[in-house]
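Presented below is the structure to which this report refers.
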Amino acid sequence: MLKAIGVRSVDELFAPIPAEYRLTRDLNIPRQMAESEIVDFFRQRSRENGDEYSSFLGAGAYFHYRPVIIDSLISRGEFLTAYTPYQAEISQGTLQSIFEFQTMICELTGMDVANASMYDGSTGAAEAVMMAVRLTGRRSVVVARSLHPEYREVLATYATHQGMPLSTVAFGDDGRVNLKELEQSITPESACVLIQSPNFFGTIEDVDAIAEIAHKHGAMLVVSIAEAVSLGVVEPPRQADIIAMEAQSFGVPLGFGGPYCGVIATREKYVRQMPGRLVGQTVDKQGKRGFVLTLATREQHIRREKATSNICTNQALVALMVNIFMTVYGKVGLKELAKQNLAKSAYAAAQFAKHGKVLFTGAPRFNEFVVTTSEDPYAVNSRLLGHKIVGGLPLRKFYPELGNAALWCCTELTTRSAIDTAAGLIAESERSVRTAKEEVEEVAR
Amino acid sequence: MKHPTPKATRHVNQNEGLIFEKSSPGKAAWKLPPLDVPEVDTAKLLGKAERKDLGHMPEVSEIEIIRHFTRMSTWNYAIDLGMYPLGSCTMKYNPRVNEAVARVEGIANGHPYQPEKISQGALRIIKTLSECLIEITGMDAITLQPAAGAHGEMTGLLMVRAYHESKGNARKKILIPDSAHGTNPATAAMVGYAVENLKSDSRGTVDIASLEAQMNEDVAALMLTNPNTLGVFEQDIHKIADILHAKGGLLYMDGANMNALVGKVRPGDFGVDVMHLNLHKTFSTPHGGGGPGSGPVAIKKILEPFLPKPVVITHSDGTLGFEYNRPHSVGRVRAFYGNFGMFVRALAYIQANGPDGLRQTTEDAVLNANYIRKGLEGTYDLPYSTPTMHEIVFSDKMQAKKGVRTMDIAKRLIDYGFHPYTTAFPLIVSGALMIEPTESESKEEMDLFIDAMKSIAQEVEEDPQTVLDAPHSTRVSRLDETAAARKPVLRWKPL
């Protein structure tokens, strides 16, 4: 090949790089490893990563069962090793699957159109808000404090340099958006209200009431859904103008936080302000049905600085996992799956309430709930960790006002025995605090 | 009685309908274990929030699902089927060991909020990959949080902005060469900067005189792809850096083409202040039909205070953890820590190569691009004769005389068993054919490709209509994109 090119060595091909910058030593990185060594390395890391614990963590990342055929199908090289389907004639597999994905997301959310895809639920929510800003021509945004705290942080980052002032609306005693405060927070400059339902505490918001208040003031309602499985049994926020969803629950591994799959769904009339890729149905020269990427004039490769977003590479293969999951569970399975989640968390909340205090009981919830203990939740969790159980997420870091509260989650994979063990350990923790208190009182007497 | 037109087709090319068209009540591919807690009354628990109906969600069996997606998959082209010479996209082989290790139990099922004590494995992966990428780029620090290249660009420019703000002036604009990716200007707009175009010189590289004239104290940074989208190394890179730095500006490098540099030269050594990498290009994580990607951002020391939070730190007892107390941070750009599954795959790739392997990978990528350049020079017009690194850009100038444009040639290439190259980009070349073979292709595969391209050029001379009507061998012919955009049908609806 060198001879064909007409050079004597490969190094000659690097001549355009000025010699003074060229690296004349080996990179200081680990030496080349055999496949068996690589597998060993990651197995070792896996063992250091809690590979045999059962967990009560949710909070935007949910442990659901993943049907085996998801990985069988996405491992096909034709899906795994294809690029973005710009060349429609040889990408119909990816394109038709995205079209089906868009359809199912619409069915589940009650919206008219859905994209595929955004990076995740957090960036999806931020992009949805920017979309509302473009659609209304207004700039400020009212954000529920019951929205995932990290989603709020991401939105703050995105909003900073776009002149989008954010204000926060508190939650009431039932863990839901305080409607009175919401009413006062909306101004004629408010582009939208952003809420999450089920919200960060697992509580289902009164979407009707919130939509009415937002719309009365000419603001849009953007609803973030972080736990997609809730859609099997919880009425979707049909009154929303834009839904920003995290679809991780639908067959995507927890994977220490990613890759996940964000989706934006909205009304048909807003589609031209939507970010991200869309697949549309059309025909070929023989009139045969086929699918193409469409409405590309919204996108960065055509519009450059005037695009609706800078997004290019998205989460396509993860969207395919989501698609297969939705297809497997379908109309009946998704409902049954959601009902099991509901039953497990209702049982757990009832058990925990015997010893700790369950907060926000005044509103319906899905598969998460908040428990306050007398002992610091990190100390409670240390007790659980000894039994190979990861307890709920202590909330103080995000909500100092909630003191010793922690957010617990149960899915269909949470066993009754894990729930009973955890409840027993919470009881033990409460007893120990009582005993310690009695001892102090004893000494004081 | 005459049989109606059959719905069945040849099995190898079955007409696979939409999944909704196969659905019928009672079919199921799922099974839940018996509930080990008491059943609940959904209506009582949820009240008016209870959902009664799931609309037109499908009901199908497992074998139907397997066949549905398997048949659809056969309509896709993929790297696993042959050369995928999409310039700028770096379609290299995706090693399967990467997929295997990403699925090891504790890695696939780690929860982002599980206690640090039982997250040491994941943290070690993040730390090790970070160290490797810092060494490869010659930079000082890195964040792995951005989910893709464009997200990395945004993160990088947020840090640029925070840096300038810390000096008392955020500045107003970003300079972007006319050969840049579309994400660059779109990103600058998202971070609140105006975009000013910078023209290329006759070699296809940055016009130094223009840069000098346009550089002033309003310019926050120059976003430069190096090698640029013509596959040409910016030889005056240090002069470019000096011009920017002299006026307090920063040099941002779009690392989309880092696969031309790994192990041979480090951006940190030639004046770059901030850059992103695409793990799904240079570091072999699969494109998956459009993602997921991962877009780490490597930076020089001066930008370190502004890194997104959290950052990984080593505690005094040697264990790893996350540091959230970062008062000057630009904030979070994504929930949790980024596309962790891609970090696993990229690290496995780096381990499989080591220092020697990575250097050879780069050399092979450049060697392959030059081999294709030599093979097609004379058959296709070469608008810039500047030496080529990892990709080569031709134009359709010679074929356009017969009315055949780059997209037509690309579509004809499909009939020869190859994925098209990148068409009509970079914008500075009219009718561009942008070809990137990557290191994965053998001489034999490239010879076939060159042969196909030459054959098409001959067809253009003898029978241009065949090329104009291509592809001829696919399941569907050219699709009506105009109709799709005019009256969008974006979901299936029941009749």
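In what follows, chains carry the letters A, B, and so on, assigned in the order in which the sequence lines appear, proteins first and then strands, with residues in each chain numbered from 1.
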Can you say whether [X] sits under 4.5 Å from chain B via the side chain, the backbone, both, or neither, judging by heavy atoms?
X: Leu73(A); value: side chain
X: Val332(A); value: both
X: Leu80(A); value: both
X: Val271(A); value: side chain
X: Val279(A); value: backbone
X: Tyr151(A); value: side chain
X: Ile98(A); value: neither
X: Asp120(A); value: side chain
X: Thr313(A); value: both
X: Tyr21(A); value: both
X: Asp112(A); value: backbone
X: Pro67(A); value: neither
X: Val233(A); value: both
X: Ala346(A); value: side chain

message: Measuring from atom CZ of Arg31(A) to atom CG of Asp26(A), what distance do you get when rounded to the nearest 0.5 angstrom?
response: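 The CG atom of Asp26(A) is 14.0 Å from CZ of Arg31(A), to the nearest 0.5 Å.
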
Atom pair OH (Tyr84(B)) and CD (Gln87(A)), whose distance is rounded to the nearest 0.5 Å: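 Reported to 0.5 Å precision, the distance equals 8.5 Å.
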
In terms of heavy-atom pairs under 4.5 Å, which option from [options] contacts chain B the most?
options: Gln44(A), Glu336(A), Lys339(A); result: Glu336(A)
options: Asp51(A), Val292(A), Thr327(A); result: Thr327(A)
options: Met104(A), Arg22(A), Gln162(A), Gln102(A); result: Met104(A)
options: Thr81(A), Leu254(A), Leu57(A), Leu295(A); result: Thr81(A)
options: Gly232(A), Ser55(A), Ser117(A); result: Gly232(A)
options: Thr282(A), Ile90(A), Thr84(A), Leu317(A); result: Ile90(A)

Donor-acceptor contact present, side-chain [X] to main-chain [Y], <3.5 Å:
X: Gln340(A); Y: Leu32(B); result: no
X: Asn76(B); Y: Thr94(A); result: yes
X: Lys331(A); Y: Gly55(B); result: yes
X: Gln281(A); Y: Ala484(B); result: no

Heavy-atom distances under 4.5 Å only: say whether [X] touches chain A with side chain, backbone, both or neither.
X: Glu363(B); result: both
X: His419(B); result: both
X: Ile414(B); result: side chain
X: Ala335(B); result: both
X: Ile136(B); result: both
X: Arg373(B); result: neither
X: Met91(B); result: side chain
X: His280(B); result: side chain
X: Asn353(B); result: backbone
X: Tyr77(B); result: both
X: Asn94(B); result: side chain
X: Arg334(B); result: both
X: Phe233(B); result: side chain
X: Val195(B); result: side chain

field: Side-chain ion pair, Glu89(A) and Arg475(B), N-O less than 4.0 Å
entry: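 Judged by the 4.0 Å cut-off on N to carboxylate O distance, Glu89(A) and Arg475(B) do not form a salt bridge.
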
message: I'd like to know if Glu50(B) and Lys48(B) make a salt bridge, using a cut-off of under 4.0 Å between side-chain N and carboxylate O.
response: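 No salt bridge links Glu50(B) with Lys48(B).
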
- request: Looking only at non-hydrogen atoms, find the nearest pair between Gln315(A) and Pro259(A) and report the distance.
  value: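 That would be NE2-CB, 3.4 Å.
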
Exercise: identify the closest heavy-atom pair between Gly289(B) and Ala316(A):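 Of all heavy-atom pairs spanning Gly289(B) and Ala316(A), the closest is O-CB, 3.2 Å.
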
Between the side chains of [X] and [Y], does any donor sit under 3.5 Å from an acceptor?
X: Thr183(B); Y: Glu153(B); result: yes
X: Glu100(A); Y: His68(B); result: yes
X: Asn339(B); Y: Ser294(B); result: no
X: Gln32(A); Y: Asp356(B); result: no
X: Glu481(B); Y: Thr294(A); result: no

Quiz item: cation-pi between [X] and [Y], 6.0 Å / 45°:
X: Lys397(A); Y: Tyr324(B); answer: yes
X: Arg491(B); Y: Phe99(A); answer: no
X: Arg45(A); Y: Phe41(A); answer: yes

- request: Please test His287(B) against Tyr83(A) for ring-ring contact (aromatic ring centres under 6.0 Å, His included), starting from the C-alpha separation and ending with a verdict.
  value: CA-CA 6 Å; His287(B) 279 77; Tyr83(A) 189 66; 5.2 Å; yes

message: Under a 4.5 Å cutoff for heavy-atom pairs, which residue among Ala29(B), Pro355(B), Ala189(B) has the most contacts with chain A?
response: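 Option with the top pair count is Pro355(B).
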
message: For a salt bridge (Lys or Arg N to Asp or Glu O under 4.0 Å) check, start with the C-alpha distance between Arg478(B) and Asp284(A), then their side-chain angles and the critical distance, and finish with the verdict.
response: CA-CA 5 Å; Arg478(B) 283 200 209 186; Asp284(A) 75 355; over 6 Å; no

